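Bear in mind the structure is a predicted one, so any value in this text is a computation, not a measurement. Below, chain A is the first sequence line, B the second, and so on; all start at residue 1.
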2 protein chains.
Amino acid sequence: MTDERALRADARRNRARVLEVAAEVFATEGLSVPVHEIARRAGVGTGTVSRHFPTKEDLLTAIMSSRLVKLTEEADEIARREAPGTAFFALFTALVREGASDCGLAELAGTDRRLDALGERAGADLCGRLQSLLAAAQQAGDVRADVGYLDVRALMSACMSRREDPLEPILGVVIDGLRGGTSG
Amino acid sequence: MTDERALRADARRNRARVLEVAAEVFATEGLSVPVHEIARRAGVGTGTVSRHFPTKEDLLTAIMSSRLVKLTEEADEIARREAPGTAFFALFTALVREGASDCGLAELAGTDRRLDALGERAGADLCGRLQSLLAAAQQAGDVRADVGYLDVRALMSACMSRREDPLEPILGVVIDGLRGGTSG
DNA sequence: CTAGAATCGGGATGGTCATCCCGCTTGTTC
DNA sequence: GAACAAGCGGGATGACCATCCCGATTCTAG
């Protein structure tokens with residue numbers, strides 16, 4: 001933040017361009033795209049990428065964490081405004097839509113530990129919100145009591161994997177199912 | 001089959017041992033385990049593995065296809081005996097349980113194309129049965145009409161990913177959800 | 001415009017893996 | 001039990017990547 005001033009103008013430009021290209025590439029082609037390829041498309045050398053982001057993970061964190069923070073704020077906003085059940089399903093749906101439109105995020109959300117570990121706390125914060133809202137929704141009887149957080153994560157990931165295909169059917173199935181047959 | 005006689009006795013033994021070890025290893029640790037490691041655990045050289053199975057994919061096919069054939073027969077059996085809706089959910093559940101107890105199979109089922117492409121037809125046959133039963137169940141009004149085969153695959157994969165954890169909750173969610181709220 | 005530091009590019013390095021190859025060993029046959 | 005083919009082991013090869021490094025370049029201060 002404060003040392004952004006310390007970067008030479010061209011360096012700052014390159015850094016921004018790498019971030020932009022990487023976000024685009026990860027979103028459309030997933031996380032397995034080589035760093036080399038990102039550098040190529042950004043029109044810089046691989047050295048430039050790895051100086052700004054020593055590790056691929058660092059690059060990923062730089063891209064995702066602001067996004068996760070935003071989603072976390074959104075989650076808090078929803079939690080404040082809505083009843084527990086409504087809030088949980090609203091967050092679930094929002095996360096699914098976010099992941100469905102971003103291949104990289106969906107991959108991240110797919111393997112449990114990966115998302116939670118991202119950034120200093122960004123990933124863990126967001127996951128915590130989902131977990132809290134789940135608990136609250138179950139408390140309120142709006143979500144079946146027997147499902148666990150990891151069940152929800154697995155179902156979320158399944159929905160995300162449908163990508164740009166119509167999400168309504170699978171979201172419908174999962175949300176109905178989570179509500180349980182009894183509360184109608 | 002017929003050329004099994006043509007193998008020298010020790011070669012046949014080695015081949016069997018490799019198959020056995022690979023099945024175990026893939027099941028418990030997933031498909032990313034190096035061939036090298038399978039050879040090591042089987043107590044043979046890597047050359048021995050790749051002579052019997054020139055490609056890792058060949059090894060995988062040898063392990064899985066008999067299993068897939070058995071599941072396909074089971075599917076036919078179920079389809080013959082049960083009403084469409086019952087049959088579909090029974091197959092779905094059976095596949096989930098199978099995948100949940102075998103990390104490798106779950107991985108295979110996770111990426112759409114991978115399972116269908118396995119073996120000469122083994123994978124495609126099984127997938128075809130699932131697809132047919134889905135259609136029949138939808139025809140009979142036992143499964144929501146708006147879900148597609150790929151939605152079912154995604155949900156199946158999500159259930160499998162819960163591994164040895166209790167499957168009832170997530171299976172309950174998915175099956176209830178697939179039935180839809182209307183048909184009671 | 002010039003010196004000097006910050007950056008750059010992309011080749012070098014090191015690690016992981018599947019697959020191939022070949023000199024050596026072992027089973028099989030007569 | 002000898003000869004020979006079948007099979008063995010594991011090192012060699014080649015692909016693919018992330019990450020590191022350093023001589024060459026470009027920015028910026030003065």
Side-chain angles (χ1 to χ4, degrees), chain A residues 1-23 25-26 28-64 103-104 107-108 111 114 117-118, chain B residues 1-23 25-26 28-64 103-104 107-108 111 114 117-118:
Chain A
M1 315 267 157
T2 59
D3 56 356
E4 190 145 292
R5 295 271 57 174
L7 280 179
R8 231 168 63 177
D10 56 341
R12 215 175 325 148
R13 229 176 305 130
N14 279 334
R15 187 179 193 279
R17 173 130 188 80
V18 167
L19 271 178
E20 179 189 6
V21 169
V25 170
F26 283 154
T28 57
E29 302 176 37
L31 305 180
S32 67
V33 175
V35 171
H36 164 86
E37 176 65 16
I38 290 168
R40 198 184 62 74
R41 295 201 205 179
V44 303
T46 65
T48 299
V49 174
S50 56
R51 190 162 350 90
H52 288 301
F53 310 100
T55 280
K56 192 174 183 177
E57 189 72 19
D58 291 334
L59 176 55
L60 191 60
T61 301
I63 291 171
M64 295 292 180
C103 197
E107 273 177 51
L108 221 49
T111 46
R114 197 82 187 280
L118 195 134
Chain B
M1 313 262 158
T2 60
D3 58 354
E4 190 145 292
R5 294 271 56 173
L7 279 178
R8 233 166 62 175
D10 57 340
R12 215 174 325 145
R13 229 177 304 130
N14 279 334
R15 186 178 194 280
R17 173 129 188 80
V18 167
L19 271 178
E20 179 189 5
V21 169
V25 170
F26 283 154
T28 57
E29 302 176 36
L31 304 180
S32 66
V33 175
V35 171
H36 165 84
E37 176 65 14
I38 290 168
R40 196 183 63 75
R41 295 200 204 181
V44 303
T46 65
T48 299
V49 174
S50 56
R51 192 161 349 88
H52 287 300
F53 310 99
T55 279
K56 192 175 184 178
E57 189 72 20
D58 292 333
L59 176 56
L60 191 61
T61 301
I63 292 171
M64 295 292 179
C103 197
E107 274 177 50
L108 220 49
T111 46
R114 196 84 187 279
L118 195 135

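The side chain of B:N14 places an N or O atom within less than 4.0 Å of a non-bridging phosphate oxygen (OP1 or OP2) of D:dC8.
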What does nucleotides 23-30 of chain C look like as a protein-contact string, B for base, S for sugar-phosphate only, - for none, at under 4.0 angstrom between heavy atoms? ---BSS--
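The shortest distance between side-chain heavy atoms of B:V18 and B:H52 does not fall below 4.5 Å. B:L19 places a side-chain heavy atom less than 4.5 Å from the side chain of B:F53. For the pair A:V35/A:T46, no side-chain contact is recorded, criterion being any heavy-atom separation below 4.5 Å from C-beta on. Side-chain contact between A:R12 and A:R15 is absent, with no heavy-atom pair separated by less than 4.5 Å. Contact annotation: the side chain of A:L108 approaches that of A:M64 to within less than 4.5 Å [non-hydrogen atoms, C-beta and beyond].
Near-neighbour residues of DNA chain D inside residues 48-57 of chain B, defined by a heavy atom below 4.0 Å, number-ordered: B:T48, B:R51, B:H52. The stretch residues 32-47 of chain A touches DNA chain C through A:G43, A:V44, A:G45, A:T46, A:G47, each having a heavy atom within less than 4.0 Å of the strand.
Of all non-hydrogen atoms in A:I63 and A:A23, the two that sit nearest each other are CD1-N, 3.6 Å.
Atom OG of B:S32 is separated from atom NZ of B:K56 by 6.5 Å, given to the nearest 0.5 angstrom. Residue B:F26 holds its CZ atom at 3.5 Å from CD1 of B:I38, rounded to the nearest 0.5 Å.
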How far apart are the C-alpha atoms of A:V25 and A:R41, what are their side-chain angles, what is the distance that settles it, and do they pass the side-chain contact (heavy atoms from CB on, under 4.5 Å) test? CA-CA 9 Å; A:V25 170; A:R41 295 201 205 179; 3.8 Å; yes
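Under 4.0 Å is where a charged nitrogen must lie from a carboxylate oxygen, and between A:R114 and A:E57 at least one such pair does.
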